[in-house]
Amino acid sequence: MKAKVMLLSIAGIALAACSEPTAPTLTEWVSSTYENPWQTLSLEGVTSDTTTNTIEIDPTLTAHTIDVFGTCFNELGWASLKVLSDEQLSEIFSELFEPGKGANFLRGRMSIGANDFALDYYSCDDTDGDFELKDFSIERDKQNIIPMIKWAQKYQPDLLMWASPWCPPKWMKLHGKHYAERAVTPEIIAQREKRMKEMIARREAEAKKEAEAQGIKPGEQGGVSATTGFFSQGALAFRMEPRVNDAVPGEEGFENVTSFNMDPKYLDAYARYFGKFVDAYKAEGIPVTRVMPQNEPNSAQPYPSCSWTSKDLNTFVGKYLGPEMEKHGVEVYFGTVERADYLKVDTLLQDPDSKKYIKGVGFQWAGKDALPKIHELYPELTMVQSEQECGNGQNNWEGAMHSWDLMKHYLGNGVNEYYYWNTSLFEGKASTWGWHQNSLITVKEEDKTYIWTPEYYTMKHASHYVLPGAKYLNIAGSYSDAMAFVNKDGSIVVLAANQSEENKPVTIKLEGKDQTVVLPAKSLNTFVLK
């Protein structure tokens with residue numbers, strides 16, 4: 001009997017050894033370059049050779065959760081899309097929102113009233129002194145925003161929205177006259193263009209002199225543009241053409257000065273204004289489950305904006321907005337944060353009233369540098385990348401790689417949610433206030449066609465594969481231009497860029513197994529290992 005038991009034990013050990021799981025193997029590789037986006041590459045060339053460029057993955061070294069990727073809805077976006085046919089719109093919104101098909105977007109952002117990519121200025125109640133909000137209306141949104149959301153809901157019925165204002169109704173601001181915080185007049189534009197031309201002439205002379213010293217022929221050196229409103233050079237050049245707005249010199253807003261009227265009756269009306277917005281959208285079948293009190297509260301802009309101090313935002317959130325949103329079952333997040341000073345956020349998160357209501361924080365632009373400290377101090381709060389930097393309208397590969405670098409920063413520093421800004425724009429057109437920006441889609445108005453931009457593929461490389469509930473993985477190794485995640489089903493997703501001009505071999509090291517691939521030059525890649 002003892003011998004029989006021993007034989008059975010040995011057999012069991014052998015069976016267990018045979019059934020030990022093997023290390024995850026590469027099962028899918030998608031690569032994008034500017035010329036050839038979203039190409040499925042063969043895995044036949046994957047080898048077990050080890051290179052000096054290594055990505056070392058331990059699936060147990062998990063960090064924060066990735067909950068959702070999303071995009072934003074604005075008036076200029078719908079203006080570009082609505083010229084297309086229903087068949088084209090079905091293609092677009094299915095690709096963006098249908099689960100498992102394309103980008104897998106699950107949540108959207110919108111503004112309360114006009115934003116910088118609105119058709120022009122407006123709010124939901126432009127009647128001066130309407131403290132009872134009798135004239136509150138979202139009729140304009142029913143023409144320019146809600147149709148776009150409804151298309152998304154066709155393919156993602158569980159779509160949730162969050163909202164923030166760029167500017168309150170102008171009668172709620174201290175001056176009570178205009179939406180913009182920084183004046184642009186014909187005289188200001190003329191003075192600026194004069195300075196621009198002088199600066200450009202000076203820089204061109206300097207560039208010519210430098211080129212001659214280096215033996216570079218005329219016309220081969222970089223140039224500058226007098227049409228952008230800013231000194232402009234290179235693929236990532238910022239492009240904005242100043243346009244006359246409604247602000248008045250001498251009545252402008254300033255950073256660190258609150259432009260909102262802090263009289264309690266204005267604060268109370270504004271909180272109820274948020275509540276009416278949420279209720280109006282609910283009546284349209286669109287759940288707005290979260291609000292942020294102000295887009296970029298430190299920025300006095302030449303388009304709809306409103307500056308606040310942290311102290312005054314704290315008063316609004318803790319004593320008015322928080323209690324009002326609680327009545328509606330809507331969460332309050334602080335943001336959107338566009339400055340690197342984390343103390344501007346901490347003012348509210350330390351306050352006994354405000355901190356009761358704030359469930360998360362939204363960061364964008366320079367706010368990305370405040371993110372690491374806030375995540376460290378408040379790991380229980382949801383961290384949101386609320387707006388992908390907007391680019392310059394060129395939609396080039398360099399812009400897509402800048403977006404990739406930003407994504408690495410945000411996702412690597414605790415962000416749970418990640419949003420792109422312009423879903424769609426007309427090709428080559430600036431905003432109402434003269435800003436050229438990138439988008440996921442560009443539409444050619446003349447022939448009513450559209451294309452997916454490199455920015456879209458940057459988003460899709462992550463959002464298509466990194467599914468809700470995935471964990472960010474802290475990777476090691478010598479190759480740093482990469483990220484890794486583990487999905488709920490145990491699959492490992494590796495994102496890796498090669499921003500050089502040459503093909504580059506990289507070894508993925510996972511659970512004792514080396515798998516080497518060659519990343520194409522100037523490419524972004526997603527690998528799935530199971």
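Throughout, numbering of the chain's residues begins at 1 and tracks the sequence. This one's a predicted model, so the numbers in the text were calculated from it and none came from an experiment.
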* side chain to side chain donor-acceptor pair (under 3.5 Å) between Glu338 and Asn298, intermediate numbers included -> CA-CA 7 Å; Glu338 87 287 29; Asn298 304 287; 3.1 Å; yes
* Worked verdict on Tyr418 versus Gln388 for side chain to side chain contact (heavy atoms under 4.5 Å, CB included) -> CA-CA 8 Å; Tyr418 196 95; Gln388 167 73 60; 2.6 Å; yes
* I would like to know whether Glu326 and Lys356 meet salt bridge (charged side-chain N to carboxylate O under 4.0 Å, His left out); could you show each step before the answer? => CA-CA 10 Å; Glu326 192 171 56; Lys356 292 186 299 185; over 6 Å; no
* **Verdict with reasoning, Gln143 to Trp78, per side chain to side chain donor-acceptor pair (under 3.5 Å)** => CA-CA 9 Å; Gln143 303 302 316; Trp78 180 240; over 6 Å; no
* Could you check Arg243 against Glu241 for salt bridge (charged side-chain N to carboxylate O under 4.0 Å, His left out), going step by step and ending with a plain yes or no? => CA-CA 6 Å; Arg243 297 182 182 179; Glu241 302 158 0; 3.4 Å; yes
* To do: May I have the step-by-step check of salt bridge (charged side-chain N to carboxylate O under 4.0 Å, His left out) for Glu324 and Lys327, ending in yes or no?
  => CA-CA 5 Å; Glu324 180 66 24; Lys327 297 175 188 175; 3.5 Å; yes
* **Working for side chain to side chain contact (heavy atoms under 4.5 Å, CB included), residues Met262 and Leu267** => CA-CA 6 Å; Met262 292 300 292; Leu267 293 164; 3.9 Å; yes
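When all heavy atoms of Gln394 and Asn438 are compared, the closest pair comes out as N-OD1, 3.3 Å. Nearest heavy-atom pair across Gly253 and Ser259 is CA-OG, 3.8 Å. Scanning both residues, Pro304 and Ala114, for their nearest heavy atoms gives CB-O, 3.8 Å. Taking every heavy atom of both residues into account, Ala370 and Ala340 meet most closely at CB-O, 3.4 Å. Across all their heavy atoms, Asn104 and His464 have their closest contact at ND2-O, 3.1 Å. Across all non-hydrogen atoms, the minimal contact from Ala180 to Ala247 is O-CB, 3.8 Å.
Inspection of the Glu95 and Tyr155 side chains reveals no N or O donor paired with an N or O acceptor under 3.5 Å. Side-chain N/O atoms of Gln88 and Tyr450 include no donor and acceptor closer than 3.5 Å. Looking only at atom types and distance, the side chain of Ser305 has no donor-acceptor partner in the side chain of Ser299 under 3.5 Å away.
In this structure, His64 and Tyr472 have parallel ring planes: the angle between them is below the 30° cut-off, well short of the 60° mark. Between Trp421 and Trp166, the ring planes are parallel. Angles under 30° get that label, and only those over 60° would be called perpendicular. Classified by interplanar angle (parallel below 30°, tilted 30° to 60°, perpendicular above 60°), the ring pair Phe136/Tyr273 is perpendicular. Using cut-offs of 30° and 60° on the angle between ring planes, the pair Phe316 and Tyr270 is parallel. Ring orientation note: the planes of Phe277 and Tyr281 are tilted relative to one another, at an angle of 30° to 60°.
The shortest distance between side-chain heavy atoms of Leu440 and Phe105 falls below 4.5 Å. Looking only at side-chain heavy atoms (C-beta outward), Phe117 and Leu425 come within less than 4.5 Å of each other. Under the 4.5 Å side-chain criterion, counting only non-hydrogen atoms from C-beta, Tyr342 is not in contact with Pro372. You'll find the side chain of Lys344 reaches within 4.5 Å of the side chain of Asn256, heavy atoms only. Residues Ile374 and Leu349 form a side-chain contact, since some pair of their non-hydrogen atoms from C-beta on lies under 4.5 Å apart. You'll find the side chain of Arg290 stays beyond 4.5 Å of the side chain of Met325, heavy atoms only. Side-chain contact between His409 and Gln385 is absent, with no heavy atoms from C-beta onward closer than 4.5 Å. Tyr121 has its side chain out of reach of Asp126: every pair of non-hydrogen atoms, C-beta onward, lies at least 4.5 Å apart.
One N or O on the side chain of Ser403 and one on the backbone of Gly399 form a donor-acceptor pair closer than 3.5 Å. With Glu75 contributing its side chain and Asn144 its backbone, the two residues share no donor-acceptor pair below 3.5 Å. A donor-acceptor contact shorter than 3.5 Å is absent between the side chain of Asp353 and the backbone of Lys319. Judged by distance alone, the side chain of Gln153 and the main-chain N or O of Gly285 form a donor-acceptor pair under 3.5 Å. With hydrogens and angles disregarded, a donor-acceptor distance shorter than 3.5 Å links the side chain of Thr432 to the backbone of Leu119. For Asn245 (side chain) and Pro302 (main-chain N/O), a donor-acceptor pair under 3.5 Å exists by modelled atom type. At distances below 3.5 Å, not a single donor-acceptor pair connects side-chain atoms of Glu417 with backbone N or O atoms of Asp67. A donor-acceptor contact shorter than 3.5 Å is absent between the side chain of Arg272 and the backbone of Leu133. A donor-acceptor pair under 3.5 Å is absent between the side-chain atoms of Thr127 and the main chain of Asp125, judged by distance alone. Not one N or O on the side chain of Ser439 forms a donor-acceptor pair closer than 3.5 Å with the backbone of Ser424.
Interatomic distance, OG of Ser164 versus CZ of Phe334, reported as 11.5 Å (0.5 Å rounding). Note that the CE atom of Met407 and the NE2 atom of His461 stand 10.0 Å from one another [nearest 0.5 Å]. Rounding to the nearest 0.5 angstrom, the gap separating the CG atom in Leu381 from the CD1 atom in Ile358 is 8.0 Å. Atom CD1 of Ile146 and atom CE of Met148 lie 13.0 Å apart (nearest 0.5 Å). To the nearest 0.5 angstrom, Gln364 atom CD is 3.5 Å from Thr336 atom OG1. Atom CG in Asp351 sits 8.0 Å away from atom OG1 in Thr315 (nearest 0.5 Å).
Across Arg140, Glu139, Lys134, a single residue satisfies side-chain contact (heavy atoms from CB on, under 4.5 Å) together with Ser137, and that is Glu139. A side-chain hydrogen bond (donor to acceptor under 3.5 Å, both in side chains) with Lys471 is found for exactly one of Thr65, Asn487, Thr62, namely Thr65.
In Lys101, the NZ atom is crowded: over 12 heavy atoms of neighbouring residues, nucleotides or ligands sit closer than 6.0 Å. Residue Glu132 places its CD atom among 12 or fewer non-hydrogen atoms of other residues, nucleotides or ligands, all under 6.0 Å distant. Heavy atoms from other residues, nucleotides or ligands lying under 6.0 Å from NZ of Lys282 number 12 at most. Counting heavy atoms of neighbouring residues, nucleotides and ligands inside a 6.0 Å radius, atom NZ of Lys150 exceeds 12 of them.
Taking the ring centroids of Trp171 and Phe131, they lie under the 6.0 Å cut-off.
Note that Arg109 lies outside the cation-pi zone of Tyr419, set by a 6.0 Å cut-off to the ring centre and a 45° limit from the axis.
Comment: Asp246 does not engage Lys177 in a salt bridge, judged by the lack of any side-chain N to carboxylate O separation of less than 4.0 angstrom.
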